Amino acid sequence: MRRPAPAKLNIDLHVGPLGDDGFHPIRSHFVTVDLADNVSIEPGGDHRINFATDAAEVADDNLCVRAAEAFDDAFGLPHDAVTITLEKRIPIGGGLGGGSSDAATTLLILAEMAGIERDRLMSIAAALGSDVPFFVSGEPSAICTGRGDIVEPTAPPTEPYAVLFMPGIHVSTPTVFRRFDEVAGEMPNMLQRAAFDLHPELADLHEVLERGFNREVRMTGSGSTLFTLCDDPELAGHIVDAAPCEAVAARICV
Ligand code: C5P
């Protein structure tokens with residue numbers, strides 16, 4: 001069984017002060033994007049959980065494997081052995097939620113194979129990572145609160161396209177949250193100041209993009225991907241062609 005694992009954008013991201021659980025409460029408008037990895041799961045393999053990928057930078061103990069282990073602990077696998085194959089297209093460390101989406105898609109495929117309802121996956125999803133419940137929910141547009149584990153559907157943004165600017169900088173989410181504790185931040189993405197502080201070249205790119213295109217450019221998650229929303233696919237294509245870094249046009253809320 002093969003399913004796409006879409007990326008996400010945070011249209012906005014409000015972050016509260018560090019809690020006793022070591023996490024920051026958030027309130028964020030998440031949307032899916034048609035840039036996607038692919039996860040397939042088939043019965044069989046030498047071990048109970050087997051994993052293969054086309055991406056050298058994906059570790060053996062990646063979130064897909066951890067999701068399958070958590071599913072096995074909670075419900076048991078639908079077969080004696082399964083082989084998970086991940087085709088990686090979403091950049092890693094880019095704030096696009098690729099690893100979380102892969103984990104969520106792994107849970108959703110295993111649940112479909114085993115006849116388990118989606119709702120029963122939510123507590124496993126939250127334990128795997130803050131972005132995983134959004135992807136398990138299947139909602140294309142949602143306000144996520146708490147640690148990201150409370151997912152409420154919401155209307156999509158009025159503009160259905162986005163241009164994603166991918167500067168190739170790997171940003172560490174925990175490091176950005178630690179810097180946020182020192183420098184705070186402001187809307188629309190309260191992690192932007194911390195990420196720009198850690199990666200001044202990202203701040204420079206943001207300025208170049210906003211000035212060059214004369215449009216608002218936002219950061220998704222803890223970075224490094226920057227984006228601008230667009231109502232017109234042709235305009236999105238022009239922005240991609242003129243971008244000073246790797247860029248792709250995408251449809252949102254798919
Ligand atoms: O949940 P995720 O794996 O994305 O979190 C990685 C780390 O980022 C956490 O261990 C925590 O240090 C930090 N984090 C946080 N508040 C959040 C999400 C993540 O402090 N809401």
Side-chain angles (χ1 to χ4, degrees), residues 5-33 37 39 55 57-71 73-74 86 88 90-108 121-137 139 142-152 154 169-199 202 218-225:
K8 59 82 175 165
L9 292 176
N10 299 95
I11 301 298
D12 59 19
L13 177 56
H14 184 278
V15 181
L18 177 64
D20 294 338
D21 59 356
F23 283 81
H24 300 73
I26 65 157
R27 179 184 173 83
S28 178
H29 183 179
F30 280 67
V31 295
T32 53
V33 177
D37 294 340
V39 179
E57 63 273 38
V58 174
D60 287 342
D61 64 340
N62 67 83
L63 270 184
C64 287
V65 171
R66 283 166 43 205
E69 287 167 351
F71 186 94
D73 289 345
L86 171 64
K88 198 76 199 148
I90 305 170
I92 295 168
L96 293 165
S100 301
S101 187
D102 300 340
T105 304
T106 300
L107 293 178
L108 289 167
L121 300 173
M122 277 309 200
S123 58
I124 309 181
L128 286 166
S130 307
D131 295 338
V132 184
F134 166 68
F135 290 114
V136 166
S137 79
E139 295 295 343
I143 302 289
C144 298
T145 52
R147 265 174 62 178
D149 53 325
I150 304 164
V151 182
E152 298 285 347
T154 193
I169 300 167
H170 186 123
V171 176
S172 155
T173 300
T175 308
V176 169
F177 273 105
R178 278 198 296 276
R179 184 59 66 98
F180 168 83
D181 293 335
E182 294 159 12
V183 301
E186 56 192 35
M187 291 296 272
N189 182 337
M190 289 179 69
L191 295 180
Q192 185 169 297
R193 184 183 297 163
F196 285 9
D197 216 45
L198 289 162
H199 300 278
L202 192 54
R218 297 187 180 188
M219 187 180 86
T220 177
S222 53
S224 61
T225 302

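In this text the structure is predicted, and so the values were computed from the model without any measurement. We count ligands from 1, going down the list as the structure has it; atoms in each ligand are counted the same way.
Residue, atom and distance of the protein heavy atom nearest to atom 3 (O) of ligand 1 are Gly129 CA, 4.2 Å. Closest to atom 7 (C) of ligand 1, if we only count protein heavy atoms, is Pro174 CG, 3.9 Å. Scanning all protein heavy atoms for the shortest distance to atom 2 (P) of ligand 1 gives Ser130 OG, 3.8 Å. When hydrogens are left out, the protein atom nearest atom 15 (C) of ligand 1 is His24 ND1, 3.4 Å; that is the closest non-hydrogen contact. When only non-hydrogen protein atoms are considered, atom 9 (C) of ligand 1 lies nearest to Phe23 CE2, 3.7 Å.
Atom CG in Asn189 sits 4.0 Å away from atom CE in Met219 (nearest 0.5 Å). Expressed to the nearest 0.5 Å, how far CZ of Arg66 lies from OG1 of Thr106 amounts to 12.0 Å.
Considering backbone and side-chain N/O atoms, Thr173 never comes within less than 3.5 Å of an N/O atom of ligand 1. For a threshold of 3.5 Å applied to N or O pairs, the pair formed by Arg147 and ligand 1 contains no separation below that value.
Of the heavy atoms in Phe177, only side-chain atoms (C-beta onward) come closer than 4.0 Å to ligand 1.
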- request: Determine, step by step, whether Val58 and Asp102 satisfy the side chain to side chain contact (heavy atoms under 4.5 Å, CB included) criterion, reporting the C-alpha distance in whole Å, the side-chain angles of both residues, the deciding distance to 0.1 Å, and the verdict.
  value: CA-CA 11 Å; Val58 174; Asp102 300 340; over 6 Å; no
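When all heavy atoms of Asp149 and Ala126 are compared, the closest pair comes out as CB-CB, 4.0 Å.
Under a 4.0 Å criterion applied to the non-hydrogen atoms of Gly22, ligand 1 contributes the atoms 11 (C), 20 (O). Close approach of ligand 1 to Ile26 is summarised as follows: ligand atoms under 4.0 Å from at least one heavy atom of the residue are 21 (N).
For the side-chain contact (heavy atoms from CB on, under 4.5 Å) test with Phe180, the passing option among Leu191, Asp197, Thr175, Leu18 is Leu191; the others fail.
Side chains of Val33 and Leu96 form no contact here, defined as non-hydrogen atoms less than 4.5 Å apart. For the pair Thr32 and Lys8, the minimum side-chain heavy-atom distance is 4.5 Å or more.
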